[in-house]
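What you see below is based on every heavy atom in this structure, not just the backbone, and it leaves out hydrogens, waters and symmetry mates. This structure is a prediction, so every number in the text was calculated from the model and none was measured. Quick note on labels: first sequence line is chain A, next is B, and so on, each numbered from 1.
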Amino acid sequence: MPLSDPLPKNYEYREVEARWQQIWKDEDHYFQADSEKPQFVIDTPPPYPTGEFHIGNAFNWCYIDFIARYKRMKGYNVMFPQGWDCHGLPTEVKVEETHKITKNDVPRQQFREMCRTLTIGNIEKMRASMRRMAFSIDWSHEYITMMPYYYGKTQLSFLRMMKAGQIYQSDHPVNFCPRCETAIAFAEVNYSDRTTSLNFFNFDGVEIATTRPELLAACVAVAVHPEDKRYAGKKDTSLKVPIFGHEVSIITDEAVDPSFGSGAVMICTFGDKQDVIWWRMHNLPLRKAIDKTGKMTDIAGKYAGMTTRDCRKAILADMEEQGILIRQQPLEQRVGTCWRCKTPIEILSENQWFVRIPHEAALKAAKEVKWYPEHMFLRMENWIEQMEWDWCISRQRLFATPIPVWFCKDCGEVIIPEEAELPVDPTVDQPKKPCPKCGGTSFAPETDVLDTWMDSSISVLHVTGWDGSQKTPPLFPAQIRPQGHDIIRTWAFYTILRAVSLTGGKPWEQILVNGMVLGEDGFKMSKSRGNVTVPEEILSQYGADSLRQWAAAGASTGSDIQFNWNDVVAANRFLTKMWNISRFALMQLSRESYHEKAPVTALADRWLLARLDQTVREVSDAFETYLFDKGLRAIREFAWDVLADNYIEIVKGRLYGGAGRDGACVAIQTALNSLCRMLAPYTPYFAEEVWSAAFEGSVHKQPWVDFAYTDQQALADGQMLVRIVTEVRRYKHDKNLALNAPLGTVTVYTPDIIDDAGDGSLALNCTLQFRAGKPELKQIVSGVSFAMGIIGPALRGQAKAFMQAIEALPRDQLIQLPKMVTVGTEEIPIPEGSVIPQMSYTVAGAAVEIITAQDDLIITVEQKM
RNA sequence: GGGCUCGUGGUCUAGCUGGUUAUGACGUCGCCUUGACAUGGCGGAGAUCCUGAGUUCGAAUCUCAGCGAGCCCA
């Protein structure tokens with residue numbers, strides 16, 4: 001064993017972490033294509049390359065890395081790929097800001113190139129943080145969605161689904177962000193509260209309340225409740241729209257709330273989602289009053305060209321002038337906003353591309369996946385069941401995967417490329433053949449691009465080796481998807497949908513859902529709140545291993561986790577403690593040679609190994625079910641409480657003294673070895689540093705701990721030994737004695753005699769003798785306790801009265817319990833073992849002093865005079 | 001308005017398939033520099049387990065209602 005150099009006094013995480021980062025090789029974590037081992041493929045989330053790896057990412061990746069490292073040690077062929085979900089609006093916005101341009105100021109291709117350059121730089125920065133965190137990523141399986149090799153697959157998946165009839169083009173109302181000038185999906189709509197004014201006005205004799213007067217030009221009907229007596233007989237009569245003058249009918253619909261305003265509502269195309277429902281149900285005409293840039297269209301007459309805001313003011317002013325504006329009142333409402341730019345969305349009817357939602361198949365696949373924690377499945381179920389519209393996948397932006405389609409200028413036919421031609425950019429490339437329908441040779445490119453989720457929702461297909469040549473990719477399905485609960489309805493759902501549509505099966509066997517990271521104040525981290533902590537700050541103050549422990553132990557799996565410096569500091573202290581334990585262990589093991597195969601016979605040594613056995617099982621179980629907090633707690637308890645505070649203190653004398661030293665050395669060596677392995681997934685730097693000082697090779701190449709040691713007697717007696725030590729410590733403390741002060745003869749009375757191999761005497765600096773049974777002292781009953789586990793089931797409703805009866809008995813009767821007791825008017829038998837008298841003792845003579853007197857443990861001391 | 005999750009010492013947190021003295025950390029108080037560690041050891045104080053009702057012999061744990069928080073959705 002390489003034990004020549006003692007460990008330095010302090011654990012310098014800065015030096016250690018930097019050093020191992022240099023020594024470890026990327027290849028150590030590569031997935032081996034030709035391996036015999038069972039595969040464990042992780043469908044890692046591809047983060048958006050903002051340039052900053054934030055604490056939410058760090059938290060998520062810690063979970064992934066715990067799993068990857070554990071599974072490797074368990075003998076799996078692990079793939080921990082790393083993707084980058086590049087496309088999207090934030091990068092476009094950043095480029096516009098940086099270059100002080102708008103997307104239309106430069107050629108399309110040049111703008112996209114600027115986006116790519118920015119993205120590459122951002123990825124570079126984030127990779128550095130991830131390496132510092134010691135994430136065991138397989139960099140040979142990195143993917144960047146903006147690269148041709150990836151977006152070609154996105155396009156291929158588009159064509160396949162289109163050919164299968166799962167993707168279609170349609171004129172349909174969609175959520176539209178006028179600021180981003182693009183359609184967005186429901187998943188991208190957020191809702192926020194705002195106060196607006198509800199305007200009551202005279203609509204050709206009917207009072208109408210509306211929050212959107214600017215949509216008057218788009219009014220296509222007025223609706224009332226069928227039972228509303230105020231409008232009885234008015235059904236199908238027509239009204240003249242004020243200001244604009246076109247005629248609309250009165251229709252009836254159950255969904256109108258008669259108690260809201262006047263009970264009559266104007267239907268416009270489109271003010272909100274309800275308008276869309278009515279529009280479709282009643283087959284109403286379409287009047288587009290707002291265009292894609294949020295300006296009024298020609299049908300708005302003199303208001304054309306105004307923004308919706310200006311138009312609202314102008315129309316309200318005109319209504320007032322005409323004397324038809326009755327009154328206005330404030331109204332709290334929730335308005336849909338674009339999740340990226342917070343602009344209120346409009347619902348516009350535009351020609352867009354859609355993916356059909358296969359509700360049943362998606363739900364079935366979602367059910368087949370094992371969810372951790374289980375209840376997260378409900379979120380998916382609720383989402384799928386309430387989806388009404390298909391998924392709008394076209395976007396009117398630039399930095400995204402192009403939709404691989406042209407239109408024949410002569411006949412309008414949709415032209416698609418051969419799969420072998422992919423990737424294509426229809427705004428650059430041309431179809432290779434004339435139009436199959438009319439033979440035309442001039443084409444218009446589809447300038448719309450794909451929703452970014454179209455890229456990221458095939459991550460699992462990409463990492464499992466999908467290239468379109470096979471129905472099921474070679475490594476499909478992946479074993480696990482780790483992700484946050486915020487993207488269940490997006491990434492998780494879309495991935496299931498795409499896997500079902502393209503392969504017919506579930507994408508992963510398991511999904512592990514982690515919580516959100518909240519700030520120290522318990523609120524979501526946000527710059528405006530000033531409660532943001534970045535991983536780099538934690539890394540530079542306490543190191544990666546401490547941050548990783550916070551992620552593991554800060555909250556149970558699935559719960560949101562509050563960031564907390566205390567936990568990071570505590571994690572750091574644990575490393576210090578563990579370091580000193582390791583130093584002590586290595587010092588002992590190298591101080592003098594010992595027999596590595598020596599039998600372990602002393603009680604303390606057997607107790608340590610039996611407790612280690614328990615710990616190993618607990619930690620292994622925790623990893624199998626992804627309860628990382630539980631695993632780390634078990635390790636800490638074993639290392640700190642069992643090993644350091646009790647075991648080492650108890651056997652120190654034997655380690656220095658000589659006799660029985662071998663067994664202790666074997667026990668310590670075994671414990672240290674196991675601890676390093678169990679810590680390896682949590683604290684890879686620390687575990688490697690200690691392992692390399694004590695053992696051969698890399699801890700990360702070791703198999704998971706395979707240790708079994710069952711010894712019930714040692715567990716019980718060891719625990720008793722710990723109690724004895726604790727009691728004597730307390731006694732010395734109470735007597736203001738130093739803990740190593742000599743104590744004369746201490747006698748321990750327990751039901752069965754304990755053989756501590758002389759450890760107790762050395763540890764407590766006294767002559768410790770063990771006796772079975774009870775001492776010759778004056779016994780008194782100080783109280784009584786009950787075994788509820790016996791009394792409850794045996795006596796049910798009589799339990800309380802029974803206990804009261806027992807407590808009412810004279811205390812001295814409890815030493816020899818009677819067989820029966822009177823409860824109320826009834827004599828009932830006392831169940832075996834149900835009543836436990838609490839004994840205490842007094843000193844008969846002055847010779848001994850009592851340290852403690854409990855039911856099963858009495859300790860006396862005979863002070864040397 | 002609906003769904004999900006949660007409410008435990010000053011702070012954060014475990015337990016929550018009902019049954020010893022409710023776990024641990026941070027903080028706090030006292031004692032101790034003992035040959036791994038003062039970034040430590042030992043000991044202590046500190047909890048109406050959000051409120052109310054119910055089920056039960058027994059509730060932090062199960063049920064219902066209320067209050068409050070977070071997330072997701074309408």
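For the side chain to side chain donor-acceptor pair (under 3.5 Å) test, residues two or more places apart in sequence or in another chain that qualify with A/S556 are A/S559. Considering only residues two or more places apart in sequence or on other chains, A/E381 meets the salt bridge (charged side-chain N to carboxylate O under 4.0 Å, His left out) condition with none of them. For A/E826, the side chain to side chain donor-acceptor pair (under 3.5 Å) test picks out A/Q798, with sequence neighbours left out. Under the ring-ring contact (aromatic ring centres under 6.0 Å, His included) criterion, A/Y13 pairs with no residue at all, not counting sequence neighbours. A/R212 meets the salt bridge (charged side-chain N to carboxylate O under 4.0 Å, His left out) test with A/E214, A/E346; sequence neighbours excluded. Every residue two or more places apart in sequence or in another chain that forms a side chain to side chain donor-acceptor pair (under 3.5 Å) with A/E15 is listed here: A/R19. Partners of A/F377 by ring-ring contact (aromatic ring centres under 6.0 Å, His included), not counting sequence neighbours, listed by chain and number: A/W371. The ring-ring contact (aromatic ring centres under 6.0 Å, His included) test applied to A/Y685 returns A/W24, not counting sequence neighbours.
Across the P atoms, B/U20 and B/C49 are found 15 Å apart, a figure rounded to whole Å. Separation of the P atoms belonging to B/G46 and B/G9 is 15 Å when rounded to the nearest angstrom. Atom P of B/C50 sits at a distance of 16 Å from the matching atom of B/C16, rounded to the whole Å. B/A47 and B/A14 have their C1' atoms separated by 15 Å, with the value rounded to a whole Å. Atom C1' of B/C4 sits at a distance of 31 Å from the matching atom of B/G10, rounded to the whole Å. Between the P atoms of B/G58 and B/G18, the separation comes to 15 Å (whole Å). Comparing B/C31 with B/U13, their P atoms are spaced 33 Å from each other, to the whole Å. Distance check on atom C1': B/U61 versus B/G19 gives 11 Å, rounded to whole Å.
Nucleotide B/G40 is matched to B/C32 when pairs are restricted to Watson-Crick or G-U wobble geometry with both distances under 3.5 angstrom. Using Watson-Crick or G-U wobble geometry with both donor-acceptor distances under 3.5 Å, B/G18 finds no partner in any strand shown. The nucleotide B/C26 finds its pairing partner in B/G10, both defining distances of the Watson-Crick or G-U wobble pair being shorter than 3.5 Å. Across all strands shown, B/A69 pairs with B/U5; the Watson-Crick or G-U wobble distances both stay below 3.5 Å. When Watson-Crick and G-U wobble pairs are counted only if both distances are under 3.5 Å, B/G54 pairs with B/C62.
The nearest whole Å value for the distance from the NE2 atom in A/H375 to the P atom in B/C72 is 15 Å. Here B/C12 presents its C1' atom at 12 Å from CZ of A/F563, a figure rounded to the nearest Å. Rounded to whole angstrom, the span from the CD1 atom of A/I790 across to the P atom of B/G58 amounts to 19 Å. Rounded to whole Å, the distance from CG on A/N564 to C1' on B/G10 is 14 Å. Rounded to a whole Å, the CD atom of A/E618 is 12 Å from the P atom of B/G15. The interatomic distance linking A/Q386 (CD) with B/G2 (P) rounds to 15 Å, in whole Å. B/U13 atom P lies 17 Å from atom CG of A/L627, rounded to whole Å. For A/I488 and B/C72, the CD1 to P distance is 11 Å, given to the nearest whole Å.
For the pair A/T767/A/L743, no side-chain contact is recorded, criterion being any heavy-atom separation below 4.5 Å from C-beta on.
Centroid-to-centroid, the aromatic rings of A/W550 and A/F563 come within less than 6.0 Å.
For the OP1/OP2 pair of B/U13 and a distance below 4.0 Å, the side-chain nitrogens and oxygens of A/S556 include no atom meeting the criterion.
Sorted pairs that involve residues 564-584 of chain A and meet salt bridge (Lys or Arg N to Asp or Glu O under 4.0 Å), not counting sequence neighbours, are lacking altogether.
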Pick out the pairs of N or O atoms, protein on one side and nucleotides 68-70 of chain B on the other, that lie under 3.5 Å.
none

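Within the cation-pi definition used here (under 6.0 Å to the ring centroid, within 45° of the axis), A/K370 qualifies as a partner of A/Y372.
The side chain of A/H485 lies closest to B/C71, out of B/U39, B/C71, B/C12. When distances run from any side-chain atom of A/D629 to the nucleotides B/A14, B/C57, B/U5, the shortest one goes to B/A14.
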Notebook entry, point to check: In the 5'-to-3' direction, what one-character label does each nucleotide of nucleotides 18-27 of chain B receive under the scheme B = base within less than 4.0 Å of a protein heavy atom, S = sugar-phosphate only, - = no such atom?
Noted result: -B-----SSS
Next item on the list: Mark up nucleotides 30-38 of chain B, 5' to 3', with B wherever a protein heavy atom is under 4.0 angstrom from a base atom, S wherever such an atom reaches only the sugar-phosphate, and - elsewhere.
Entry: B---BBBBS
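Annotation: of the two residues near RNA chain B, A/D486 and A/T726, the 5′-most nearest-nucleotide partner is A/T726.
If you check the side chains of A/D545 and A/Y682, you find no donor sitting under 3.5 Å from an acceptor. Side-chain contact check for A/Y594 and A/Q588: no donor-acceptor pair (N or O, by modelled atom type) lies under 3.5 Å.
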